[in-house]
**Q** 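Please read through the structure below; I'll follow up with questions.
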Amino acid sequence: MVSKRLASVGRSGIREIFQMAGEGAINLGLGELDFDPPEEVREALKRAVDLGASKYGPTAGLEELREAIASLTSRCTEGIEARNVLITAGATGGLLACYQTLFDPGDEVLVPDPGFVVYGPDAILVGAKAIPYVLHEEREYLPDATEVEALVTPKTKAIVVNSPSNPTGSVLSAKIHKTIVDLAVDRDIWIISDEVYDRFVYGTKHQTFCNAHEKSIVVNSFSKSMGIPGWRIGYLVADGALVEEISKMQYYSLACPPTPIQQAVLMALPHHERFIGEILPILDRRRRLMVRLLNRIPGFSCEMPKGAFYTFPRYDVDIASRKLAEMILGAGVISSPGSAFGGMGESHIRFSYAAPEEDIARGMEIVRSVVEKIG
Ligand SMILES: Cc1ncc(COP(=O)(O)O)c(C=O)c1O
């Protein structure tokens with residue numbers, strides 16, 4: 001019934017577990033904040049609707065919002081203008097639009113393993129091929145540039161990077177960031193950098209790929225940093241000529257990003273910093289709590305993640321991660337199996353600590369009792 005391309009991709013392993021969950025399960029599964037978005041953002045959306053922002057807008061997004069994002073981005077990277085910014089349907093929409101714009105059938109794209117669940121399937125959906133590169137657990141889940149370089153072939157068109165990383169929480173060091181930029185420049189490939197967690201770093205610095213190379217695209221989103229994942233709004237920053245091409249592509253899938261949502265984000269942007277400043281220390285406390293409790297579970301080991309809001313413990317209990325996630329769900333806690341994030345994710349399980357401390361404490365207690373029964 002469906003195309004071979006669609007038939008050959010699976011459903012998201014994160015969603016599968018989430019959809020099996022019953023009422024009242026403790027949610028350490030989905031990648032979304034438990035905090036409400038700031039009041040200003042909610043009020044701004046109501047105002048935008050009342051002001052009649054209900055018409056189609058430009059395919060690339062509202063000019064004022066593109067300008068505002070350009071000027072925010074210019075604080076870290078000089079020379080970014082509105083023409084370099086495209087408003088997208090979240091980072092998910094931005095990533096697929098990049099793939100659709102850049103890849104021909106047979107092109108190869110290097111993707112992190114373990115890595116976020118869309119990088120591989122998106123390649124299949126556009127007829128390209130995802131080639132996984134390993135994030136080494138023993139090296140803080142960072143890639144090895146020599147190994148990555150060995151995967152580059154004449155068909156390689158791009159490398160996807162994601163720092164801070166989902167699911168590992170790793171953050172690229174300046175040194176490894178440079179090796180990736182050098183590699184992309186030397187081998188003339190695109191960098192598609194997914195930076196949706198750029199604001200979620202703890203005691204370390206985020207390294208952006210914005211303007212790091214003529215061929216770099218930074219994909220970002222307001223889902224995480226404004227707490228509005230259901231509003232489906234994000235953006236990407238790239239060379240102006242490429243932005244026009246991605247915009248041409250975006251017309252065919254989206255026509256335009258949602259107008260009232262863009263108006264609301266624009267009005268709420270001045271409150272963005274404050275929101276991040278309020279939630280980050282809370283997330284930091286939760287991060288430490290979860291790691292401490294995970295390391296008390298027999299057979300579990302978890303390094304302290306430096307970014308995002310996930311832990312990705314390894315376990316040495318003899319059970320597939322999907323089965324373990326199902327058993328944990330049966331006991332009332334939603335998690336995500338490591339296998340959802342690629343072959344290197346097996347024997348791991350992902351927990352989100354964007355949840356109240358009581359939920360984390362109770363959730364870890366439940367995981368512990370499930371593991372002890374298997375043990
Ligand atoms: C690394 C990463 N990229 C992209 C996304 C999708 O973000 P959005 O809601 O903006 O589509 C997520 C969501 O969990 C993510 O973790």
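Since this is a predicted model, take the numbers as computed values, not measurements. Counting starts at 1 for both ligands and their atoms, in listed order.
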**Q** With a 6.0 Å cut-off (strictly less than), is the heavy-atom count around OH of Tyr251, excluding the residue itself, greater than 12?
**A** no

**Q** Checking Ser71 against Ser74: is there a side-chain donor and acceptor pair closer than 3.5 Å?
**A** no

**Q** Taking the six-membered ring for Trp, are Phe312 and Phe351 closer than 6.0 Å centroid to centroid?
**A**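 Judged by ring-centre distance (under 6.0 Å), Phe312 and Phe351 do not meet the cut-off.
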
**Q** Any salt bridge between Glu43 and Arg47, counting N to O under 4.0 Å?
**A**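 Result for this pair is no, no salt bridge flagged.
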
**Q** Checking Thr259 side chain against Ala53 main chain: does a donor-acceptor pair fall under 3.5 Å?
**A**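 Absent.
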
**Q** Where does ligand 1 get N/O contacts under 3.5 Å from the protein, atom by atom?
**A**
{"unit_1": "ligand 1", "atom_1": "3 (N)", "unit_2": "Asp194", "atom_2": "OD1", "d": "3.4"}
{"unit_1": "ligand 1", "atom_1": "3 (N)", "unit_2": "Asp194", "atom_2": "OD2", "d": "2.5"}
{"unit_1": "ligand 1", "atom_1": "9 (O)", "unit_2": "Ser223", "atom_2": "OG", "d": "2.7"}
{"unit_1": "ligand 1", "atom_1": "9 (O)", "unit_2": "Arg232", "atom_2": "NH1", "d": "2.9"}
{"unit_1": "ligand 1", "atom_1": "10 (O)", "unit_2": "Ala91", "atom_2": "N", "d": "2.7"}
{"unit_1": "ligand 1", "atom_1": "10 (O)", "unit_2": "Ser221", "atom_2": "OG", "d": "2.6"}
{"unit_1": "ligand 1", "atom_1": "10 (O)", "unit_2": "Ser223", "atom_2": "OG", "d": "3.1"}
{"unit_1": "ligand 1", "atom_1": "11 (O)", "unit_2": "Ala91", "atom_2": "N", "d": "3.2"}
{"unit_1": "ligand 1", "atom_1": "11 (O)", "unit_2": "Thr92", "atom_2": "N", "d": "2.9"}
{"unit_1": "ligand 1", "atom_1": "11 (O)", "unit_2": "Thr92", "atom_2": "OG1", "d": "2.5"}
{"unit_1": "ligand 1", "atom_1": "11 (O)", "unit_2": "Arg232", "atom_2": "NH2", "d": "2.7"}
{"unit_1": "ligand 1", "atom_1": "14 (O)", "unit_2": "Lys224", "atom_2": "NZ", "d": "2.6"}
{"unit_1": "ligand 1", "atom_1": "16 (O)", "unit_2": "Asn166", "atom_2": "ND2", "d": "2.7"}
{"unit_1": "ligand 1", "atom_1": "16 (O)", "unit_2": "Tyr197", "atom_2": "OH", "d": "2.6"}

**Q** Does either side chain, that of Glu195 or that of Thr208, offer a donor lying less than 3.5 Å from an acceptor on the other one?
**A** yes

